[in-house]
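Residue numbers count from 1 along this sequence.
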Amino acid sequence: MWYTITLAVGLLLLVVALSKLQKTLSFLKMSERATGTVIELERVKDSDGDTFKPIFKFETKNHQQIIHRHIGSSNPSSWSVGDEVMIAYDSADPSEARVLTYFGTFSWTIILGAIAMPLIIVGGGYYVSLSYLR
């Protein structure tokens with residue numbers, strides 16, 4: 001019974017991960033690129049201490065200045081003021097932007113896939129092993 005639930009949850013997470021991957025690849029195909037510069041490191045106060053969130057500024061093809069706050073923060077900061085990075089943005093809505101780093105672009109796909117794979121191996125392995133143990 002538990003192996004069936006494990007396998008089902010793993011397969012569901014894999015489907016969600018592949019869906020996220022498809023949406024990300026579609027966004028990357030349709031998006032424009034710009035070079036963003038870290039203009040500020042915003043201090044985020046937490047019960048565990050302070051972390052720093054980079055704030056990027058980039059210019060669209062239409063010469064519109066956009067300020068983009070990165071999702072993640074860290075301590076010590078992964079970024080310094082003046083650092084440059086490629087940013088992908090939606091030309092119809094430039095506020096919809098993503099910093100083009102591997103984990104920044106594919107984070108949910110990686111996380112969901114990393115959870116799904118062991119569940120599929122354990123749940124599916126149970127049923128495969130049943131056929132060999134009979």
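- At a threshold of 4.5 Å between side-chain heavy atoms, the hydrophobic network of Ile, Leu, Val, Met, Phe, Trp and Tyr places Val44 and Leu41 in two separate groups.
- Hydrophobic clustering of Ile, Leu, Val, Met, Phe, Trp and Tyr side chains at less than 4.5 Å, counting indirect connections, unites Val122 with Leu14.
- Shown here is Met117, whose CE atom has more than 12 heavy atoms of other residues, nucleotides or ligands within 6.0 Å.
- Counting all heavy atoms, side chain and backbone alike, Val128 lies closest to Ser131 at O-OG, 2.6 Å.
- Residues Lys57 and Thr37 are not in side-chain contact: their nearest non-hydrogen atoms beyond the backbone lie 4.5 Å or more apart.
- With a 4.5 Å cut-off on side-chain heavy atoms, Leu100 and Val85 do not count as touching.
- Of all the heavy atoms in Leu112 and Ala17, the pair that sits closest is CB-CB, 3.7 Å.
- Rounding to the nearest 0.5 Å places CD of Glu84 at 14.0 Å from CZ of Phe58.
- In terms of hydrophobic clustering, with Ile, Leu, Val, Met, Phe, Trp and Tyr side chains grouped at heavy-atom distances under 4.5 Å, Leu133 and Tyr3 are assigned to different clusters.
- Of the possible polar contacts, one joining the Asp83 side chain to the Ser80 backbone as a donor-acceptor pair under 3.5 Å is found.
- Cluster annotation: Ile66 and Ile55 are assigned to distinct hydrophobic clusters (Ile/Leu/Val/Met/Phe/Trp/Tyr, side-chain heavy-atom contacts under 4.5 Å, transitive).
- Using the six-membered ring where Trp is involved, Tyr102 and Phe106 have ring planes that are tilted, between 30° and 60° apart.
- Counting heavy atoms from C-beta outward, Val81 and Glu40 have side chains that stay 4.5 Å or more apart.
- Phe27 and Tyr89 fall into different hydrophobic clusters, where Ile, Leu, Val, Met, Phe, Trp and Tyr side chains are chained together by heavy-atom contacts under 4.5 Å.
- Between the NE2 atom of His68 and the CD atom of Glu96 there is a distance of 9.0 Å, given to the nearest 0.5 Å.
- Note: Leu13 CG to Leu18 CG = 11.0 Å, rounded to the nearest 0.5 Å.
- Taking CG of Asn75 as the start and NZ of Lys53 as the end, the distance is 14.0 Å to the nearest 0.5 Å.
- Note: Trp79 and His70 have perpendicular aromatic rings, judged against thresholds of 30 and 60 degrees for the angle between ring planes.
- Between Leu7 and Gly124, the shortest heavy-atom distance links the atoms CD1-N, 3.7 Å.
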task: Test side-chain contact (heavy atoms from CB on, under 4.5 Å) on Ile87 and Glu32 and set out the steps.
output: CA-CA 8 Å; Ile87 294 180; Glu32 299 289 337; over 6 Å; no
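- Counting non-hydrogen atoms of neighbouring residues, nucleotides and ligands closer than 6.0 angstrom, the CG atom of Leu130 exceeds 12 such neighbours.
- No donor-acceptor pair under 3.5 Å is formed between the side chain of Arg69 and the backbone N or O of Ile67.
- Under the 3.5 Å distance criterion, the side-chain polar atoms of Ser26 are left unmatched by any main-chain donor or acceptor of Gln22.
- Atom CG of Leu21 sits about 11.5 Å away from atom OG1 of Thr105, to the nearest 0.5 Å.
- Listed here is the closest heavy atom pair of Ser31 and Leu28: OG-O, 3.2 Å.
- For Asn62 (side chain) and Gln64 (main-chain N/O), no donor-acceptor pair under 3.5 Å exists by modelled atom type.
- To the nearest 0.5 Å, atom CD of residue Glu42 and atom CZ of residue Phe52 are 11.0 Å apart.
- The closest side-chain heavy-atom distance from Val9 to Ile5 is below 4.5 Å.
- Residue Ala116 comes nearest to Gly10 through the heavy atom pair CB-O, 3.4 Å, listed as atom of the first residue, atom of the second, then distance.
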